[in-house]
> 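I have a structure here, written as structure tokens, and I will follow up with some questions on it.
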Amino acid sequence: MAAAGRRWRAPPLIANPWLRWAIAIGAVIYLALALMSLEVKWSRVCEGLDRGWTFVVAFAQPNFISRSEEIVEGIVESLTMTVVATVFGILISIPIGLGAARNIAPVPVYLVCRAIIAVSRTFQEVIVAILFVKMFGFGPLAGAVTLAFATIGFMGKLLAEDIEDIDPAQAEAIRATGASWPQLVNYGIQPQVMPRLLGLSLYRFDINFRESAVIGIVGAGGIGATLNTAFDRYEFDTAAAILITIIAIVMATEYGSSLLRRRLQ
Amino acid sequence: MPVTIGDGRREWQLRDRRGQIGLWLMWLVGTAITVAAIEQISGETIWAFVWDAPEQAADLLTRMVPPRWSYLDKIWSPLWDTINIATLGTLLAIVLGTPLGFLAARNTTPSVALVRPLALLIIVSSRSINSLIWALLLVAILGPGVLAGIFAIALRSIGFVGKLLYEAIEEIDLSQVEAIDATGASPAQTLAYGIVPQIMPAFAGISVYRWDINIRESTVVGLVGAGGIGLQLQSSISTLAWPQVTVIFIAIFVTVVASEWLSARIRHAII
Amino acid sequence: MLLIEGLTKQYKTGDRALRGVDLTVPQGQVAALIGPSGAGKSTLLRCVNRLVEPTAGKIALDGVEITGLGRRALRRARRQMGMIFQEYALVERLTVMENVLSGRLGYVGFWRSFFRRFPAPAIDEAFRLLDRVGLAEFVDKRADALSGGQRQRVGIARALIQDPAILLIDEPTASLDPKTSRQIMRLIRELCAERRLPAIINLHDVGLAISFAERIIGLRQGVIVFDGPPERLTPAVLTEIYGEEDWSALIRAASEDGEAEGAGETAAAAGQRQTGFQGSDARARLT
């Protein structure tokens, strides 16, 4: 029996007291500095609240009519960009993903593929879009290329990680039959990663559509340009209509892809 | 049945006839859609510009090097703002998104019929709209500045945090909750002892992951006036100051890589 | 016939898994490889088809030297060596038939295998083998829907459809219950006898080795410390291989059992020659 009156307290998350306090104090100091460097013009904010209210009101009565032609055009353009970018992005990301998987690719190929993935993932789509617009001119081509480029980094990384996580025994068994490298990929690896690859592709389709609504702001086609104009003109009712359309389409594709995924399992 | 017996021999095919036809149909439709989309895009493309692209790229490259390193002095402050937008935006999103997650999870929501659909709608709306669009909206409402950026990042992240959190909550082990319930604990105590410990790793992982994404996102909200390094990028591009753009790109690259490294380490430490 | 001379394997970590192993396995012989975990059994097996690259030494199968083959020639050599794995190593999401046919990958081109258009003789042989191992009704089941024993039968069929000159078998019973283990071992032994196939079997279970193998090779720390028929496997020998333990009871039980097995097998083999049908228990296992 332990002696009575022994004290017990829950052990702290970080065992080292110095580190614990350093992190806590550091966090407090950072927060204070960050909040102090915030310059807020309260008069402007108050004024804005009115405008915010107009937007909320506008959201309740979205105006699909007055700019319906631009909206339809923009949405169609966004969708085409999404389709093309997703298809080509995935087609290119498969070899890159294979090359970036350490367990099946030789070291030089591995390094090159990992570098491509790193560059593609670091820069936000909009920044990439700015560069591609400079190169290809305004329009949906720049947008499609941007989204494809972003898709390569995203899918390549996840595919490579998936391949690195496969059950090595299954792949070894296929190798032991005297299979060539492409046969090894087709029989030993593809069946193991396919379900997730399909799921990720559908997920990336969603993301690409959402992103396609943004890169139009810098001139890369899609619904973003229309939306930007609407905000610039303070046409909040049109902006609300566009946003509602985007939300509806995202919900629809998400629902569709979840149905598809369940069927493919 | 893929196995058919014809003239005394068994034949084998992976798919039966219907499966085969279905598969080909799927490919056909997929290809048709893709081709139509390509047609549409190429119709709207001015090909002269595209053929010109390699020259444009080469031209851009020669103008971008050498980088104007002296410009670094001017971007420390916007870089600090960028990090603040990401961090404060993420914190705000966690504060608002966590209750939302609990309201949306089937097993913790107060009302499946009423509260849950509402919470899910908020989550979907927040997720569907990119932070840059939120920024566009908030700049129009609050005026340009860091504050709009923080709220833009937060509004986009609420849905992200809420969605991943409610999925984590729905996957918890119910027997643990039952065991706490059985001790006579109040609902709040059940939450604290039965549910929170189970979702803590997921919660921490989600927060750090979103912070990492938000660093990337906050580099661009300035393009529409919501503060941070995007402002500098915008003005450098519009004045065609390409050597400055290079410096900004390098700064962004370093920041993003550093944040990715940091978040990976934190996630490792937690799990 | 498999010939191994001076086989040595040193891993990058510095572990010396094999230290100069010499071994000859003649036509039709079933040899069991026993030894404690980490003795190098698995490495030895994988060196033969070079899933693990040997550091030094020579391996030759039917006069063809495996060591030193180029990639293409190695693939050709691998299809002559059927391998059966512990935990089955089936491709879980492929059907039974696809798994069996994957044994023919070394013989067909990529596009044929990609569209699953294997030559008719390969498919006939696959059906024959599935009948033989008692899985005729499971052709289009996915591998992950099968029980452990059924999966290992698919693994055996996959190895045999390669039309191998030798079988390399790695802990075939490691995750099976005792009864299924015995059935699988009996099946392997019968198949080797039918086809006069030599086989090397890694076994954890000394009892199974004594009952089902005609030759036992004891490995300890990468060196062969025993090589002979099961009768010569005395408690002293087992102590040398595994370390101190009371072995006598195990040996007594297993060798009585082995005699029964031997008698049974001769009878079964005789029956087969008469009827042409392969093994009466193939049917029984279906139930």
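We name chains A, B, ... by the order of the sequence lines, and we start the count at 1 in each one.
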> Establish, yes or no, whether a centroid distance under 6.0 Å links the rings of A/Tyr30 and B/Trp80.
yes
> Can you tell me if A/Phe205 has over 12 outside heavy atoms packed within less than 6.0 Å of its CZ?
yes
> Quick one: does A/Ile130's side chain get under 4.5 Å of B/Leu223's, heavy atoms only?
yes
> Would you mind reporting whether A/Ser37 and B/Asn84 have side-chain heavy atoms less than 4.5 Å apart?
yes
> I'd like to know if B/Arg127 and A/Glu254 make a salt bridge, using a cut-off of under 4.0 Å between side-chain N and carboxylate O.
yes
> Please look at B/Val35 and chain A and tell me whether the side chain, the backbone, both or neither of the residue comes under 4.5 angstrom of a heavy atom of that chain.
neither
> Please classify the contact of B/Leu138 with chain A as side chain, backbone, both or neither, using a heavy-atom distance under 4.5 Å.
neither
> Using a cut-off of under 4.5 Å for heavy-atom pairs, which of A/Asp232, A/Asn228, A/Leu49 has the most such pairs with chain B?
A/Asn228
> Ignoring hydrogens, what is the shortest heavy-atom contact between B/Arg216 and A/Thr122? Give both atom names and the distance.
CG-O, 3.4 Å
> Under 4.5 Å heavy-atom distance to chain B, tell me which part of A/Glu125 shows up: side chain, backbone, both or neither.
neither
> Would you mind checking which part of A/Phe132 comes under 4.5 Å of any heavy atom in chain B, side chain (CB onward), backbone (N, CA, C, O), both or neither?
neither
> Rounded to the nearest 0.5 Å, what's the gap from CZ on A/Phe123 to CD1 on B/Ile252? Could you check?
6.5 Å
> What's the spacing between A/Ile246 CD1 and B/Ser125 OG if we round to 0.5 Å?
11.5 Å
> Under a 4.5 Å heavy-atom cut-off, does chain B meet the side chain of A/Ala34, its backbone, both or neither?
both
> So what's closer than 4.5 Å to chain A heavy atoms on B/Leu88: side chain, backbone, both or neither?
side chain
> To the closest 0.5 Å, what do you measure between CG (B/Asp52) and CE (A/Met135)?
10.5 Å
> Side chain from CB out, backbone as N, CA, C, O: work out which of these in B/Trp242 comes under 4.5 Å of a heavy atom of chain A, or both, or neither.
side chain
> CG of A/Leu243 to CH2 of B/Trp134: how many Å apart, nearest 0.5 Å?
7.5 Å
> B/Glu260 versus chain A, heavy atoms under 4.5 Å apart: side chain, backbone, both or neither?
side chain
> For chain B, which candidate among A/Pro140, A/Gly139, A/Gly143 shows the most heavy-atom pairs at distances under 4.5 Å?
A/Pro140
> Does B/Leu60 reach the side chain of A/Leu131, with side-chain heavy atoms less than 4.5 Å apart?
yes
